[in-house]
2 protein chains.
Amino acid sequence: MRTSWEQKLDQTLTKVGLRSTSQRQIVYSVLLDVRDHPTAETVFLRAKQAVPEISMATVYNCLDALVKCGLVTQVNIHRAATRFCPNMQEHGHFYCDECGKVFDISMASPAGMINIPSGFEPLQYEVSISGRCADCRDWEIPG
Amino acid sequence: MRTSWEQKLDQTLTKVGLRSTSQRQIVYSVLLDVRDHPTAETVFLRAKQAVPEISMATVYNCLDALVKCGLVTQVNIHRAATRFCPNMQEHGHFYCDECGKVFDISMASPAGMINIPSGFEPLQYEVSISGRCADCRDWEIPG
DNA sequence: CTAGGTGCAAAAGGTTTGCGGTTAA
DNA sequence: TTAACCGCAAACCTTTTGCACCTAG
């Protein structure tokens, strides 16, 4: 029996004119399975466990398709590999400079507090915070 | 006579233990001169007009030094070259997907509206908006 | 004097592309 | 049937690194 996320994936891909393929299903399931904002490389390695012959190019293609159809968000990290996140609620990201982990941060819509100049058409907002996560702060060696 | 920004640069670099060099002065002056959020490559080409023998590695080093001492901000753009901005007021950035230009966007401090989990230590906020700028919207072919 | 900076060239890292073969619709 | 997709490998672009020489403090 098809699970509900598989149906939703099929429908969402089809809606924007993209095909539903087994590779795209695997990639999406990998993202849903462990919500740790993996890089394309990590997604590749995890997907490979299910489909050993899958290629990096295909993983990029699949991630791209998922972003295009609105099921996945990209998280940009300065000069490091892009992370991928299947949480489509409006939220920000906290990047820990020390351990490299990425955390979802709940927030109000930023649209209200930002003064978009007239004539500009905003399509996407991205709020990212960098610093040190709780764990890394705890492990700090005192003075 | 030394201009005030040159003195400020010297002092600010020195304060964090970095040296004031002619290359760093040139790079900073390039950023102050045209406020169009240039890439490292563009900074390199502009700096080269004053110092033909300057190298890309040095431009990166100088930009890095300027960021470290707090005179310059980096603007991350998804999968494209980092842009550099000498405007140190708290502000966001609008990236036009069509023409690639970057615009400063005034905004209230995002710190208030974001719910940082306890124990997390935020160091830097970055708000970026992507979409279409006014010019690109105007030039759109109707129908 | 010497730690830090510069210039060059080579390498790294992440992502994209070209192409022949495959497959969903 | 056929446009879209896959897998592979090579290319690409931005950034980093190693090293010999140079220079600010």
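Owing to the predicted nature of the structure, the values given are computational and were not obtained by experimental measurement. Note on naming: letters A, B, ... go to the chains in the order of the sequence lines (proteins, then strands), and numbering restarts at 1 for each one.
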Please examine the side chains of M107(B) and N115(A), heavy atoms only from C-beta on, and report whether any two atoms are closer than 4.5 Å.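 In short, these two side chains do not touch, never coming nearer than 4.5 Å.
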Do K15(B) and C69(B) have side-chain heavy atoms sitting under 4.5 Å apart?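 In short, these two side chains do not touch, never coming nearer than 4.5 Å.
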Look at all strands and tell whether [X] reaches a base, only sugar-phosphate, or nothing, counting heavy atoms closer than 4.0 Å.
X      : answer
T39(A) : nothing
T14(A) : nothing
E53(B) : sugar-phosphate
Q23(A) : sugar-phosphate

Ignoring hydrogens and angles, state whether a donor on the side chain of S4(A) or Q7(A) is under 3.5 Å from an acceptor on the partner side chain. no
Just checking, is any N or O donor in the side chain of N76(A) or H93(A) under 3.5 Å from an acceptor N or O on the other one? no
Atom pair distance, as rounded to whole Å: [atom1] in [X] and [atom2] in [N]:
X      : N       : atom1 : atom2 : result
Y60(A) : dG18(C) : OH    : P     : 17 Å
N61(B) : dA3(C)  : CG    : P     : 18 Å
L13(B) : dA3(C)  : CG    : P     : 20 Å
I77(B) : dT15(C) : CD1   : P     : 16 Å
F44(A) : dC8(D)  : CZ    : P     : 8 Å
I26(B) : dG5(C)  : CD1   : P     : 17 Å
L45(B) : dT14(D) : CG    : P     : 11 Å
L63(B) : dT6(C)  : CG    : P     : 11 Å

Please tell me which of H78(B) and C62(B) maps to the more 5' nucleotide of DNA chain C, matching each residue to the nucleotide holding its nearest heavy atom. C62(B)
So does D36(A) pair up with R46(A), basic N to acidic O under 4.0 Å? yes
On a plain distance test, is the side chain of R19(B) in donor-acceptor contact with the base of dG25(D) below 3.5 Å?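 There is none.
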Does dG7(C) have OP1 or OP2 sitting under 4.0 Å from an N or O in the side chain of T58(B)? yes
If the cut-off is 4.0 Å, is T82(B) near the phosphate of dT14(D), judged by side-chain N/O to OP1 or OP2? no
Which nucleotide sits closest to the side chain of A57(A): dA9(D), dA9(C), dT6(C)?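 Nearest nucleotide to the side chain: dA9(D).
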Whichever of T21(B) and R79(A) has its nearest DNA chain D nucleotide further upstream toward 5': R79(A)
